[in-house]
Chemist: 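Got a structure for you, questions after.
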Amino acid sequence: QVQLAESGGGLVQAGDSLRVSCLASGSLFSRCAVAWFRQAPGKGREFVAAISRSGGGVLYTDSVKGRFTISRDNAKKAVYLQMDSLKPEDTAVYYCAADHVILTAPIRTEAGEYEFWGQGTQVSVSS
C-alpha cells in the first residue's frame, strides 16, 4: 500500500508560480509511476503530468507543456509539480496518483490506471 498526501496549493495571481508536493508513505514508492491530475469545478478529472519510476521519463498534457515541470526524489518519497506562468484556467483541485509498475512500463494518462490517490490540494489562480 502507498499513502499519498498533497500540499502546497494556494491562491495566486495569473503569471505567478507555485509548487505542489506529493509525499508518500508505505512501501515500494520507488517502484511507482506517479501522475498529477486536476479537477476543476463542474468538470471531470484531467491528466496533467506523469513521471516514470526512475524519473527518466515524463509526460505532460499539451496545455501545461513549457509551464509545468514534474520531478521526483525517491529518497524522500516525494514528487513535485512546479507550476510557472499560471493561468486562471489552471484553477482546480490537484491530485497525486501512483501505481506500481514494471521498470519498462509506458507512462499512463488514464485516471483508472492509478491505484493510489491523495486527497488533493486546491490551486486557485486569479486574473
Chemist: Can you tell me how far CG of Leu4 sits from NZ of Lys77, rounded to the nearest 0.5 angstrom?
Modeler: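 One finds 11.0 Å between NZ of Lys77 and CG of Leu4.
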
Chemist: Under 3.5 Å, side chain of Glu6 to main-chain N/O of Gln119, donor-acceptor pair present?
Modeler: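 Indeed, once roles are kept as given, a pair shorter than 3.5 Å links the two residues.
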
Chemist: Give, for atom CZ of Phe29 and atom CG of Leu23, the distance between the pair rounded to the nearest 0.5 Å.
Modeler: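 Rounded to the nearest 0.5 Å, the CZ-CG separation comes out at 8.5 Å.
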
Chemist: To the nearest 0.5 Å, what is the distance between OG (Ser63) and NZ (Lys87)?
Modeler: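 The distance works out to 8.0 Å.
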
Chemist: Could you report the tightest heavy-atom contact between His100 and Cys32, atom names first, then the distance?
Modeler: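 In terms of heavy atoms, the two residues are closest at CD2-SG, 3.3 Å.
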
Chemist: Which residue pairs pass the disulfide bond (SG atoms under 2.5 Å apart) test with at least one member in residues 96-127, sequence neighbours excluded?
Modeler: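 For residues 96-127: Cys22-Cys96.
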
Chemist: Would you confirm whether Arg67, through its side chain, and Ser85, through its main-chain N or O, come within 3.5 Å as a donor-acceptor pair?
Modeler: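 Confirmed, Arg67 side chain pairs with Ser85 backbone.
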
Chemist: Are Arg45 and Phe37 in a cation-pi contact, defined as NZ or CZ under 6.0 Å from the six-membered ring centre and within 45° of the axis?
Modeler: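 Cation-pi check for Arg45 and Phe37: fails.
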
Chemist: How are the rings of Tyr95 and Trp117 set relative to one another: parallel (under 30°), tilted (30 to 60°) or perpendicular (over 60°)?
Modeler: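 The arrangement is perpendicular - the two ring planes meet at more than 60°.
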
Chemist: For a quick test of reading the model, state the closest non-hydrogen atom pair linking Ile107 to Ser52 and the distance between them.
Modeler: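 In this case the closest contact between Ile107 and Ser52 is CD1-N, 4.2 Å.
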
Chemist: Which heavy atom of Phe47 sits nearest a heavy atom of Arg108, and at what distance?
Modeler: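 Minimum heavy-atom separation between Phe47 and Arg108: CE1-O, 4.0 Å.
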
Chemist: Between Arg53 and Val101, is there a donor-acceptor pair closer than 3.5 Å when you use the side chain of the first and the backbone of the second?
Modeler: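 Such a contact is found between Arg53 side chain and Val101 backbone.
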
Chemist: When you measure from the side chain of Gln13 to the backbone of Ser126, do you find a donor-acceptor pair of N or O atoms at a distance under 3.5 Å?
Modeler: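 Checking the backbone N and O of Ser126 against the side chain of Gln13, no donor-acceptor pair under 3.5 Å is found.
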
Chemist: Indicate the atoms forming the closest heavy-atom contact of Asp84 with Ser17, along with that distance.
Modeler: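 Nearest heavy atoms, Asp84 then Ser17: OD1-OG, 2.7 Å.
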
Chemist: If the condition is side chain to side chain contact (heavy atoms under 4.5 Å, CB included), which residues does Ala49 pass it with, not counting sequence neighbours?
Modeler: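 Ala49 satisfies side chain to side chain contact (heavy atoms under 4.5 Å, CB included) with Tyr60, Ile70, Leu81 only.
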
Chemist: For the OG atom of Ser21 and the CZ atom of Arg72, what is their distance to the nearest 0.5 Å?
Modeler: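 It is 13.5 Å, given to the nearest 0.5 Å.
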
Chemist: Can you name the nearest heavy-atom pair linking Ala33 to Tyr114, along with the distance?
Modeler: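 Result for this residue pair: O-CE2, 3.9 Å.
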
Chemist: Assigning hydrophobic clusters by single linkage (Ile, Leu, Val, Met, Phe, Trp, Tyr; side-chain heavy-atom cutoff under 4.5 Å), is Leu18 placed with Val93?
Modeler: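 No, because Leu18 and Val93 fall into different hydrophobic clusters, even though each may have its own neighbours under 4.5 Å.
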
Chemist: Check the hydrophobic clustering (I, L, V, M, F, W, Y; side-chain heavy atoms under 4.5 Å; chains of links allowed) and say if Tyr80 and Ile51 are grouped together.
Modeler: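 They do not share one cluster, since no chain of ILVMFWY contacts under 4.5 Å joins Tyr80 to Ile51.
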
Chemist: Which pair of non-hydrogen atoms, one from Gln122 and one from Thr91, has the smallest distance, and what is that distance?
Modeler: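 Gln122 and Thr91 have their closest heavy atoms at NE2-CG2, 4.0 Å.
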
Chemist: Restricting to salt bridge (charged side-chain N to carboxylate O under 4.0 Å, His left out), what partner residues turn up for Arg38, sequence neighbours left out?
Modeler: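 By the salt bridge (charged side-chain N to carboxylate O under 4.0 Å, His left out) rule, Arg38 matches Glu46, Asp90.
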
Chemist: With the 4.5 Å side-chain cut-off for hydrophobic clustering, are Leu86 and Val20 part of the same group?
Modeler: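 Yes.
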
